[in-house]
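Shown next, in structure tokens, is the structure this report addresses.
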Amino acid sequence: MKKIFFCALCAMGCWGFVACDDYDIVETAYDEGMQTNPAREGATPPSIDADWQLELIPDVGRQADNLFVYKDLKYNQMFSRRLGWNGGIGGISTLLPDGSVLWAFNESYYGVVDADTHARLSGNMPLNALLVQRASGGKLGETADDLVALADYVEWNDASAEKYLWGRTYLRHPNGNKTDEQIANGEIDSGRAYYIGAASTATGKLQMIWEALTTMNGLIDGITLTTHSLNGAMPANRYITLLPDYMPQAGDFLYQEGKTEYLLKGATFFGQAICNGGDGHLYLYAVKGNNLHVARTKTLDLSSEWEYYIRNATTGVMEWQTAFPSTEELTRSSIIDNGYVVVQPTVFREGNTYYMVSQGAVNATEVYIYTATSPVGPFGNQKLLFNLPSFIDKVGITTYNAIGQVCVHPELSRNGELVISACTKVNASANNFNYAGSADFTRPYFFRIFNWKQEVDEE
């Protein structure tokens with residue numbers, strides 16, 4: 001296998017890494033200098049099964065004494081793939097009716113990773129990707145073999161070929177700049193893209209929201225909806241024997257049955273998070289200017305008419321309207337208390353309480369949780385869940401430039417704990433390739449927080 005840089009990337013910053021002699025992952029300390037209050041007075045740790053492969057990370061002196069936070073080494077290893085999809089930005093998850101889980105990512109890495117050095121070798125960067133974590137008999141698989149990319153590969157027959165296991169963008173923007181011939185050759189659109197949103201299976205189909213945008217300036221063209229079949233099966237060995245990946249065809253599980261181009265046009269992306277309110281509506285959340293806003297569907301079908309929760313300029317009362325809100329309307333209609341900052345929300349419901357999780361700010365290490373008695377908020381009662389670590393367990397460099405894409409995964413909870421992932425970024429694009437440990441940047445890392453509900457629900 002030839003070791004080459006990913007296409008369309010310069011070699012800038014290549015000297016930033018020094019090769020390691022030992023390619024075993026070294027577990028790093030968790031911000032030892034911040035452990036100002038490591039003792040826990042009267043806190044009872046949860047019962048942990050050794051098979052879960054969890055590692056306690058200590059209190060850094062700011063979270064509540066009763067909270068216990070663990071690195072999830074099993075899931076960290078599962079998302080450390082060596083063939084095909086091997087990293088991405090995002091990690092929004094959706095539970096499917098058969099017990100499997102859909103995973104969605106934006107810019108993703110495809111190609112080959114060196115099994116010993118964990119270095120990305122040859123590959124390309126599609127603009128979005130979908131994966132499915134397989135379930136069998138209703139039990140969710142938790143190994144690398146259970147993580148299947150819905151991949152369209154450029155070359156999979158010749159392992160010595162330059163574009164071996166390069167992938168294509170799962171959902172192309174209709175105004176992408178590449179020709180069909182260029183796409184077939186493994187080139188990637190630039191300028192226009194679809195970015196991932198949340199999804200729902202309330203109609204018996206998978207319905208997924210996408211943000212259509214101009215990538216150079218981040219301007220939103222509109223919101224697109226795709227619909228996918230939940231019938232059929234995952235075909236075996238569509239590509240190489242060692243890779244269970246497949247691109248769904250008619251009759252396959254998760255086959256894309258349709259696409260509604262620009263379901264809505266507007267400069268605010270409703271659908272970053274979706275919550276079934278339990279009242280016949282799906283609630284769709286958006287962030288604009290670090291404020292939180294909400295829309296809802298008329299029915300549990302995402303293609304039904306949407307309404308927006310907007311404060312009346314005259315009466316000050318929050319009301320539903322069908323017209324897409326203006327920037328001025330959104331400015332007065334935040335559903336977050338006290339001017340708290342929201343980055344990328346996850347909203348979920350337990351009983352009569354609605355919970356929202358978000359980073360404290362872009363690239364902040366603080367992860368907070370908020371509560372409300374209604375899906376339309378207001379969300380308040382801010383509590384610190386934990387601080388994301390400044391180091392990650394990987395080969396080579398263990399520090400990162402930035403961390404984000406914090407997502408909650410309720411479907412992964414085993415004993416009521418919160419499961420959270422976050423993606424790391426390096427300080428230069430070239431550092432994602434060729435160097436020892438480069439494949440373990442720009443991918444999700446997982447954490448489990450126990451006793452959170454007891455602490456959060458306490459007034």
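Remember, it's a predicted structure, so these values are computed and weren't measured experimentally.
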**Message:** Checking side-chain polar atoms at under 3.5 Å, does Ser122 have a donor or acceptor matched by the opposite partner on Arg120?
**Reply:** no
**Partner of Arg168 under side-chain contact (heavy atoms from CB on, under 4.5 Å), chosen from Ile188, Leu127, Ile183** = Ile183
**Asked** Can you tell me if Asn124 and Tyr109 form a side-chain donor-acceptor pair at under 3.5 Å?
**Response** no
**Message:** With heavy-atom distances below 4.5 Å as the criterion, would you say the side chains of Asp72 and Phe447 are in contact?
**Reply:** no
**Request:** Is it possible for you to check whether Arg134 lies under 6.0 Å from the centre of the six-membered ring of Phe253, through NZ or CZ, and within 45° of that ring's axis?
**Result:** no
**Request:** For the residue pair Trp156 and Leu165, establish whether any side-chain heavy-atom pair is separated by less than 4.5 Å.
**Result:** yes
**Asked** Counting only N and O atoms by type, is there a donor-acceptor contact under 3.5 Å from the side chain of Asn185 to the main-chain atoms of Gln182?
**Response** no
**Message:** Quick check: closest heavy atoms across Gln344 and Gln405, and the distance to 0.1 Å?
**Reply:** OE1-OE1, 3.0 Å
**Asked** At their closest point, which heavy atom of Asn434 faces which heavy atom of Ser438, and how far apart are they?
**Response** N-OG, 3.5 Å
**Item:** For the student: nearest non-hydrogen atoms of Ala286 and Phe269, plus distance
**Value:** CB-O, 3.3 Å
**Test ring-ring contact (aromatic ring centres under 6.0 Å, His included) applied to His293 - qualifying residues, sequence neighbours left out** = none
**Request:** Quick one: list whatever passes side chain to side chain contact (heavy atoms under 4.5 Å, CB included) with Ser136, sequence neighbours left out.
**Result:** none
**Item:** Leu102 CG to Leu254 CG distance, which is reported to the nearest 0.5 Å
**Value:** 6.5 Å
**Ile209 vs Leu225, side-chain contact (heavy atoms from CB on, under 4.5 Å): CA-CA, chis, key distance, verdict** = CA-CA 5 Å; Ile209 296 292; Leu225 176 69; 3.9 Å; yes
**Item:** Flag for Thr226-Gln207: side-chain donor and acceptor within less than 3.5 Å
**Value:** no
**Asked** Is the NZ or CZ atom of Arg81 both under 6.0 Å from the centre of the six-membered ring of Phe79 and within 45° of that ring's axis?
**Response** no
**Inter-residue atom distance Leu140.CG - Leu412.CG, 0.5 Å rounding** = 6.5 Å
**Prompt:** When you check the side-chain N and O atoms of Gln272 and Tyr195, is any donor under 3.5 Å from an acceptor?
**Reply:** no
**Fill in**
Between Val342 and Met356 the two heavy atoms that sit nearest each other are CG2-CE, 3.9 Å
**Asked** How far apart are the closest heavy atoms of Leu243 and Leu83, and which atoms are they?
**Response** CD1-O, 3.7 Å
